[in-house]
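Worksheet: the structure to be examined is printed underneath.
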Amino acid sequence: MKAAIFFERDGVLNLCETRHGHQVVPLRLEQFKVNPVASVLLHQLKLAGFVLIATTHQPAVARGDLSRNELDLMHMILRRKLPLDDIMLCPHDDASHPCQKPQPGMFLEAAFKWSLDLDRSYIISDKWQDAKAGQVAGCTTVMIRSPWIGDDHHDFVVDDLETAVAKIGLLQNNLYGREVAMA
Ligand SMILES: [Zn+2]
């Protein structure tokens with residue numbers, strides 16, 4: 001079984017402005033800006049053998065503010081610029097939906113689809129919903145400091161995507177060291 005890195009899309013893989021304390025998510029293609037540091041970092045993780053999966057909740061689709069076509073174009077760009085294996089999408093505007101984070105449905109579905117070991121997988125996000133879902137799914141959560149990480153469970157808090165990836169590298173090395181020590 002493989003290990004994955006799950007990335008929250010908005011604010012991690014693509015840049016988002018903050019307005020009135022809220023993250024402004026892109027509704028049109030020209031507003032969609034891929035995080036310029038993401039490409040190099042994701043290629044490093046890919047070389048380390050991880051399955052790379054973006055996860056995203058886009059309730060604006062259900063509300064009719066974001067066309068599915070526009071969203072598909074954004075994701076085409078994301079896949080072209082970053083070595084992602086998959087993009088998991090919840091387009092629903094209904095908190096009871098099992099694929100809507102903080103419910104772990106998206107991660108469980110990905111685990112089934114990609115034969116993943118969630119215990120060895122990581123989530124990188126700037127939102128508490130991922131920390132909560134990750135706790136239930138059994139992933140290690142690396143949170144990028146933001147006004148939205150909350151006070152509940154998370155495993156690590158870092159300043160940015162670079163540090164998040166470095167942290168995972170460090171944890172992997174420690175894990176490896178332990179395995180060698182036990183052998
Ligand atoms: Zn959904």
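Counting from 1, the numbers follow the sequence of the chain as shown. If you're wondering where the values come from, they're calculated on a predicted model, not measured in any experiment. Order of listing sets the numbers, starting from 1, for every ligand and every atom in it.
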*Angle at the Zn ion (ligand 1): provide the value between SG of C90 and SG of C99, rounding to 10 degrees.*
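Taking the Zn ion (ligand 1) as the apex, the two atoms subtend 100°.
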
*Is the shortest side-chain N to carboxylate O distance from D86 to R79 below 4.0 Å?*
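The answer is yes: the pair qualifies as a salt bridge.
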
*Residue from L118, D117, L116 passing side-chain contact (heavy atoms from CB on, under 4.5 Å) with M1*: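 Single side-chain contact (heavy atoms from CB on, under 4.5 Å) partner of M1 among L118, D117, L116: D117.
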
_Is the ring pair H92/H97 parallel, tilted or perpendicular, if the boundaries are 30 and 60 degrees?_
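Plane angle under 30°, so parallel.
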
_Restricting to N, O or S atoms, which atom of H92 is closest to the Zn ion (ligand 1)?_
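Going by distance to the Zn ion (ligand 1), the closest N, O or S atom in H92 is ND1.
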
*Taking just the N, O or S atoms of H97, which one is nearest to the Zn ion (ligand 1)?*
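This residue's closest N, O or S atom turns out to be ND1.
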
_Quick one: does any side-chain atom of D126 pair with a main-chain N or O of S146 as donor and acceptor, under 3.5 Å?_
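A pair under 3.5 Å: no.
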
